[in-house]
Amino acid sequence: MSTLSTLQTPPPGTDRSLRRRRIRRNWGQPWLYIPLAGALLLMVAPFLWMLSGSFKPEADIRRVPPVLIPTSPTTANYGELFSTLDFTSMFGNSLIVALAVTAGNLIFCSMLGYALAKLEFRGQRAVFLLVLGTLMVPGLVTFVPLYVLVANMQLTGSLLGLILPFLATPFGVFLMRQFISTLPDELIDAARVDGCRELAIFAKIILPLTKPALATLGIITFLGSWNNFLWPLVVAQNESQYTLPVGLALASSGQSFTRFGILLAGAMVVLLPVMIVFLIFQRQFVAGIATTGLK
């Protein structure tokens with residue numbers, strides 16, 4: 001009995017140490033929340049300022065010192081935006097270009113990523129090193145050669161010229177290759193034993209298992225294509241091919257000053273589709289970021 005009671009009785013001072021740990025943990029959490037709340041406020045502040053400014057008159061936007069809450073809210077900026085721009089045409093152009101570029105990246109980057117991760121062929125390592133090398137080259141370095149290539153193909157002034165150069169990207173190939181390399185080889189070997197060809201293996205086995213990576217690549221590609229400004233500005237020859245960022249920049253720029261009210265209202269309109277896409281695929285996006293590259 002004495003031995004049993006000794007085993008059941010905690011050592012002296014254990015309760016005090018547990019209470020101290022709980023107190024330290026409870027007191028430590030607020031100090032952790034404070035910097036996190038500050039960082040969240042820094043990230044959300046520009047969005048709140050943009051939302052507030054889109055409902056302000058131009059004079060309130062330029063007021064010094066600035067105020068966050070508009071004194072006389074108005075929707076005139078949105079009305080002038082839709083009356084100034086050919087919004088339907090520009091929105092359609094942006095949507096077509098973004099969806100086409102996203103679909104191309106999902107198809108071609110996943111196919112090349114599968115080939116680099118699971119197939120064996122001559123020059124496989126050299127191709128992968130080439131992909132890694134192109135990741136280190138800034139986009140502005142290849143801007144002029146890419147424009148010359150598109151111009152020689154007589155694709156300037158068309159939506160195809162906005163889409164074709166970005167149907168596959170080195171980042172997309174690297175992302176899909178890293179994710180597919182984590183999939184077990186036994187699944188592919190079993191499918192080959194059953195007589196499946198490589199295209200069937202890719203379509204029926206690889207693609208269903210790479211949904212998180214595909215969602216991640218799709219969101220990143222859609223966001224980059226939707227917000228692309230410089231390439232459509234240079235390649236598009238007239239307003240019928242303008243995308244929303246280009247049309248918004250031209251509409252908000254006056255002869256002597258920038259109309260910030262229209263610019264902020266247009267930024268809110270451009271932001272909405274991206275937010276909707278991210279909210280729909282946020283779980284797959286987080287899963288793809290968390291598992292890509294892990295062995």
Without placing hydrogens or testing angles, list every side-chain donor-acceptor pair under 3.5 Å for residues 266-273, not counting sequence neighbours.
none

Original post:
Going only through I, L, V, M, F, W and Y residues with side-chain contacts under 4.5 Å, is there a path from Leu51 to Met275?
Top reply: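 Both belong to a single hydrophobic cluster.
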
Original post:
Partners of Phe260 by ring pair (Phe, Tyr, Trp, His ring centres under 6.0 Å), sequence neighbours excluded?
Top reply: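 Once residues adjacent in sequence are excluded, Phe260 has no partner under the ring pair (Phe, Tyr, Trp, His ring centres under 6.0 Å) criterion.
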
From [X] atom [atom1] to [Y] atom [atom2], the distance as rounded to the nearest 0.5 Å:
X: Leu217; Y: Thr210; atom1: CG; atom2: OG1; value: 10.0 Å
X: Leu132; Y: Thr134; atom1: CG; atom2: OG1; value: 7.5 Å
X: Thr221; Y: Leu99; atom1: OG1; atom2: CG; value: 12.0 Å
X: Met111; Y: Ile180; atom1: CE; atom2: CD1; value: 10.5 Å
X: Tyr78; Y: Thr75; atom1: OH; atom2: OG1; value: 9.5 Å
X: Leu106; Y: Phe222; atom1: CG; atom2: CZ; value: 12.0 Å

**OP:** Not counting sequence neighbours, list each pair that qualifies as a side chain to side chain donor-acceptor pair (under 3.5 Å) and has a residue in residues 194-206.
**Re:**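 Checked against side chain to side chain donor-acceptor pair (under 3.5 Å) - neighbours excluded - the pairs reaching residues 194-206 are Tyr114-Glu198, Arg192-Glu198.
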
Side chains of residues 138-157: which donor-acceptor pairs under 3.5 Å do they make with residues two or more places apart or in other chains?
from: Thr142; atom 1: OG1; to: Gly139; atom 2: O; distance (Å): 3.1
from: Asn152; atom 1: ND2; to: Val148; atom 2: O; distance (Å): 3.2

Subject >> For the student: nearest non-hydrogen atoms of Cys109 and Ala168, plus distance >> reply: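 Here Cys109 and Ala168 meet closest at SG-CA, 4.0 Å.
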
**OP:** Determine the minimum heavy-atom distance between Pro46 and Leu42, stating which atoms define it.
**Re:**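 So the two residues come closest at CD-O, 3.2 Å.
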
Residue pair [X] / [Y], side-chain heavy-atom distance below 4.5 Å:
X: Ser72; Y: Pro57; value: yes
X: Leu187; Y: Ile206; value: no
X: Phe171; Y: Ile220; value: yes
X: Leu214; Y: Met176; value: yes
X: Leu48; Y: Ser52; value: no

Original post:
Are Asn77 and Glu80 linked by a side-chain donor-acceptor pair shorter than 3.5 Å?
Top reply: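 There is no such pair (donor and acceptor under 3.5 Å, judged by atom type) between the side chains of Asn77 and Glu80.
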
Original post:
Using a distance-only test with no angle check, is there a side-chain donor-acceptor pair under 3.5 angstrom linking Asn105 and Thr169?
Top reply: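 Yes, side-chain donor-acceptor contact under 3.5 Å.
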
**OP:** State whether the number of non-hydrogen atoms from other residues, nucleotides or ligands found under 6.0 Å of Met50 atom CE is greater than 12.
**Re:**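 Yes, because the 6.0 Å sphere around CE of Met50 holds more than 12 heavy atoms from other groups.
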
Can you give each donor-acceptor pair under 3.5 Å made by side-chain atoms of residues 120-128, sequence neighbours left out, with the distance rounded to 0.1 Å?
from: Gln124; atom 1: NE2; to: Leu116; atom 2: O; distance (Å): 2.7
from: Gln124; atom 1: NE2; to: Leu119; atom 2: O; distance (Å): 2.7

Would you mind writing out the side-chain donor-acceptor pairs for residues 85-95 within the sub-3.5 Å range, not counting sequence neighbours?
from: Asn93; atom 1: ND2; to: Ser89; atom 2: O; distance (Å): 3.3
from: Asn93; atom 1: ND2; to: Ser240; atom 2: O; distance (Å): 2.8
from: Asn93; atom 1: ND2; to: Tyr242; atom 2: O; distance (Å): 3.0
from: Ser94; atom 1: OG; to: Met90; atom 2: O; distance (Å): 3.2
from: Ser94; atom 1: OG; to: Leu244; atom 2: N; distance (Å): 2.8

